[in-house]
Engineer: 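Before we start, here is the structure in question, set down as structure tokens.
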Amino acid sequence: TKELDQIMADIFNQLARNKQAIIDAVVTVLQSVPDEHDYAQDLRRVEEDLSAIQAKKDRLLEMSIEGIISMAEFKQRNDGFNDQVRLLEEKRTALQAEAEKGRRTATQLEEIRTVLEQELSFQNGVNSALVTTILDHIVVKKCSTKEVLHLDIHLKFGGPWGAVFDREKSSFRCTPSL
């Protein structure tokens with residue numbers, strides 16, 4: 001598998017000649033996701049609703065003091081307003097959490113960029129998850145010997161690749177098959 005990892009790294013290097021463009025494309029896609037919702041606008045609406053309810057509660061208190069409504073009616077309406085306030089405060093907390101999650105995602109983009117650069121450099125070998133993502137199957141040709149292996153490497157996209165691995169020299173070459 002060590003030899004196959006080297007071969008796959010070479011194929012990936014040839015497939016991904018412009019690694020920076022690939023990394024930029026992935027980061028661009030990730031950046032577009034959290035920007036789809038405006039949490040600040042939702043938070044403003046919740047704050048406006050809370051202010052409106054507070055104004056109604058103040059008016060209700062004035063009506064109670066002036067004797068326009070009974071104490072029982074005051075309690076009933078005030079409890080209703082308190083329930084609305086509680087629900088709006090829960091909604092505000094949830095919106096704030098979502099907005100914070102969006103900000104964290106944006107700050108994590110630099111970490112994602114760094115990890116992508118490391119993975120696509122293949123300095124630590126080839127990630128097996130990456131291999132399984134694009135590798136369909138490998139065929140060892142009949143003309144192979146113990147010392148020299150001739151391989152057809154079939155990817156899930158694009159045409160097959162030919163590889164010749166010389167065990168004695170620990171060398172290989174990969175070329176796209178026509």
Engineer: Are R59 and E62 within salt-bridge range, i.e. N to O under 4.0 Å?
Structural biologist: yes

Engineer: Could you give the distance from NZ (K57) to CG (N78), rounded to the nearest 0.5 Å?
Structural biologist: 4.5 Å

Engineer: Can you find a heavy atom in the side chain of V148 that is under 4.5 Å from one in the side chain of V164?
Structural biologist: yes

Engineer: What is the distance from atom CD of E110 to atom OG1 of T114, rounded to the nearest 0.5 Å?
Structural biologist: 5.5 Å

Engineer: Begin with the C-alpha distance, continue with both residues' side-chain angles, and end with the deciding distance and a verdict on side chain to side chain contact (heavy atoms under 4.5 Å, CB included) for L60 and I69.
Structural biologist: CA-CA 8 Å; L60 182 65; I69 60 171; 3.3 Å; yes

Engineer: Going from CZ on F74 to CD1 on I68, what distance comes out if it is rounded to the nearest 0.5 angstrom?
Structural biologist: 13.0 Å

Engineer: Begin from the C-alpha positions of K101 and E98 and carry the test salt bridge (charged side-chain N to carboxylate O under 4.0 Å, His left out) through to its verdict.
Structural biologist: CA-CA 5 Å; K101 190 172 18 173; E98 286 298 316; 3.4 Å; yes

Engineer: To check you understand the geometry: which heavy-atom pair defines the closest contact between Y39 and L95, and what is its length?
Structural biologist: CD2-CD2, 3.8 Å

Engineer: Below 4.0 angstrom, N of the basic side chain to O of the carboxylate: do D79 and K75 qualify?
Structural biologist: yes

Engineer: How long is the gap from CE on M63 to CD on E73, to the nearest 0.5 Å?
Structural biologist: 7.0 Å

Engineer: Where is the tightest heavy-atom contact between L135 and H154, given as atom of each residue plus distance?
Structural biologist: CD1-O, 3.6 Å

Engineer: Is the backbone of V140 close enough, under 3.5 Å, to the side chain of S144 for a donor and an acceptor to pair up by distance?
Structural biologist: no

Engineer: Are side-chain heavy atoms of E111 and V115 found at a separation under 4.5 Å?
Structural biologist: no

Engineer: Using the rule given for side chain to side chain contact (heavy atoms under 4.5 Å, CB included), can you reason through L88 versus I53, listing the C-alpha separation, both sets of side-chain angles and the distance that settles it, and then say yes or no?
Structural biologist: CA-CA 10 Å; L88 285 170; I53 291 172; 3.5 Å; yes

Engineer: So if you build clusters from Ile, Leu, Val, Met, Phe, Trp, Tyr with side-chain heavy-atom gaps below 4.5 Å, do F165 and V139 land together?
Structural biologist: no

Engineer: In Å, rounded to the nearest 0.5 Å, how long is the span from OG of S51 to NZ of K56?
Structural biologist: 12.0 Å

Engineer: Would you indicate whether the side-chain heavy atoms of R92 and L50 approach each other to under 4.5 Å?
Structural biologist: yes

Engineer: What's the spacing between L61 CG and E66 CD if we round to 0.5 Å?
Structural biologist: 10.0 Å

Engineer: Under a 4.5 Å cut-off applied to non-hydrogen side-chain atoms, are W161 and L155 in contact?
Structural biologist: yes

Engineer: Please find the pair of heavy atoms, one from A163 and one from I153, that lie closest to each other, and give the distance.
Structural biologist: CB-CD1, 3.9 Å

Engineer: Identify the residue among E89, E90, K91 that makes a side-chain contact (heavy atoms from CB on, under 4.5 Å) with V46.
Structural biologist: K91

